[in-house]
Amino acid sequence: MASRAAVEKTFQSVESVLGGKGVLGAKPQSSLDWVGVIREGIPAAAVESILSAVRLSQAELAQALGIPERTLARRKREGVLNSEESSKLLRLARVISRATEVFDDSVAAIDWLKSPNAALGGNAPLSLLDTDIGAESVLDTLGRIEHGVFA
């Protein structure tokens, strides 16, 4: 079981990937806090934060999230994502945060997320994040890398 400090560090890191308190309007401290943020909808400004953090085009981000690009553009105009889209964006932010933690370098983490990986059937990790099972596979692979198991 992860220590409270480790859990808080992860939440802080995820929060920063999404643009911090300035974008989120809140400072989630626990899983239940994130549930509230998702239900209210993550502000669309978090999309811009992810785009710059991961160096993706809007089309690439839409594909990674499994959200049509036009829908993503509309949400950006409206200013807030719905709960399902918010959940997908949070899932992506959690994976980015975890990859950065494992590689201890955001550039290496982003390169890893974008590169085909034999442990993931030759798929780039980013291409699997549109589903829960794909994201779990990516997180599992990151765990194996962290512990020195062939991945």
Side-chain angles (χ1 to χ4, degrees), residues 1-56 58 60-68 71-72 74-76 78-114 117 119-121 123-149 151:
M1 183 172 221
S3 72
R4 181 172 175 80
V7 170
E8 287 177 3
K9 180 182 176 200
T10 299
F11 286 131
Q12 290 170 357
S13 198
V14 170
E15 177 189 336
S16 67
V17 170
L18 293 172
K21 185 177 180 180
V23 168
L24 295 174
K27 188 166 178 59
Q29 299 293 318
S30 69
S31 298
L32 292 178
D33 290 345
W34 279 107
V35 170
V37 170
I38 289 168
R39 286 179 176 162
E40 288 178 26
I42 291 177
V47 171
E48 290 303 323
S49 180
I50 292 257
L51 287 172
S52 64
V54 188
R55 301 181 325 264
L56 290 175
Q58 186 166 303
E60 291 170 320
L61 179 64
Q63 184 174 4
L65 296 174
I67 299 171
T71 300
L72 191 58
R74 186 172 62 250
R75 295 292 187 254
K76 285 173 64 178
E78 293 170 353
V80 68
L81 304 176
N82 69 27
S83 62
E84 182 179 338
E85 297 155 350
S86 294
S87 182
K88 290 178 177 185
L89 193 67
L90 179 61
R91 179 173 57 210
L92 174 60
R94 290 178 66 201
V95 170
I96 292 168
S97 174
R98 182 73 176 116
T100 302
E101 183 181 302
V102 168
F103 290 102
D104 201 27
D105 176 355
S106 61
V107 173
I110 299 308
D111 287 344
W112 183 83
L113 287 167
K114 291 180 176 182
N117 187 298
L120 296 169
N123 295 295
L126 197 59
S127 72
L128 300 174
L129 301 181
D130 60 330
T131 66
D132 283 333
I133 291 176
E136 286 175 27
S137 296
V138 171
L139 290 169
D140 179 61
T141 302
L142 284 167
R144 288 185 282 144
I145 290 169
E146 182 178 42
H147 296 293
V149 177

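Residue numbers run from 1 in the order of the sequence given.
- Using a 4.5 Å heavy-atom cutoff, the side chains of Val47 and Ile42 are not in contact.
- Counting heavy atoms of neighbouring residues, nucleotides and ligands inside a 6.0 Å radius, atom CZ of Arg39 does not exceed 12 of them.
- Of all the heavy atoms in Gly19 and Ser49, the pair that sits closest is N-OG, 3.1 Å.
- The nearest pair of heavy atoms linking Phe103 to Ala108 is CB-CB, 4.2 Å.
- The shortest distance between side-chain heavy atoms of Ser137 and Leu120 falls below 4.5 Å.
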Would Ile96 and Val14 count as a side-chain contact (heavy atoms from CB on, under 4.5 Å) if you check the C-alpha gap in whole Å, the side-chain angles of each, and the deciding distance to 0.1 Å? CA-CA 8 Å; Ile96 292 168; Val14 170; over 6 Å; no

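- When side chains are defined from C-beta on, Leu126 does not count as touching Ile110, because their heavy atoms never get closer than 4.5 Å.
- Taking the charged nitrogens against the carboxylate oxygens, Glu60 and Lys114 have no contact shorter than 4.0 Å, which rules out a salt bridge.
- The backbone N or O of Pro125 sits nowhere less than 3.5 Å from a side-chain atom of Asn123 that would complete a donor-acceptor pair.
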Verdict with reasoning, Val107 to Trp112, per side-chain contact (heavy atoms from CB on, under 4.5 Å): CA-CA 9 Å; Val107 173; Trp112 183 83; over 6 Å; no

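- Electrostatic pairing of Lys88 and Glu85 does not count as a salt bridge here, judged by no charged N lying under 4.0 Å from a carboxylate O.
- The main-chain N or O of Glu101 is never found under 3.5 Å from a side-chain atom of Asp104 such that the two would form a donor-acceptor pair.
- Remark: side-chain polar atoms of Gln29 are paired, donor with acceptor, to backbone N or O of Lys27 under 3.5 angstrom.
- No donor-acceptor distance shorter than 3.5 angstrom exists from the side chain of Asp140 to the backbone of Glu136, with no hydrogens or angles considered.
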Given the rule in the side-chain contact (heavy atoms from CB on, under 4.5 Å) test, do Ile50 and Leu61 qualify, once you have shown the distances and angles that lead to the verdict? CA-CA 8 Å; Ile50 292 257; Leu61 179 64; 3.7 Å; yes

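- One finds no salt bridge joining Arg91 and Asp130 here, because no Lys/Arg side-chain nitrogen approaches an Asp/Glu carboxylate oxygen to under 4.0 Å.
- Put simply, the side chain of Leu129 does not reach to within 4.5 Å of the side chain of Leu65, judged on heavy atoms.
- When each of Leu72, Ile38, Leu81, Val17 is checked for a side chain to side chain contact (heavy atoms under 4.5 Å, CB included) with Leu89, only Leu81 meets the rule.
- There is no side-chain donor-acceptor pair under 3.5 Å between Ser97 and Arg94.
- Within 6.0 Å of CD on Gln58 lie more than 12 heavy atoms contributed by other residues, nucleotides or ligands.
- Across Gly41 and Ser86, no two heavy atoms sit closer than the pair CA-OG, 3.4 Å.
- Without hydrogens or angle criteria, Thr71 side chain to Ile67 main chain gives no donor-acceptor distance under 3.5 Å.
- The existence of a salt bridge linking Glu15 and Lys21 is excluded, since no basic side-chain nitrogen approaches an acidic carboxylate oxygen closer than 4.0 Å.
- Nearest heavy atom pair, residue Leu18 against residue Val23, reads O-CG1, 3.4 Å.
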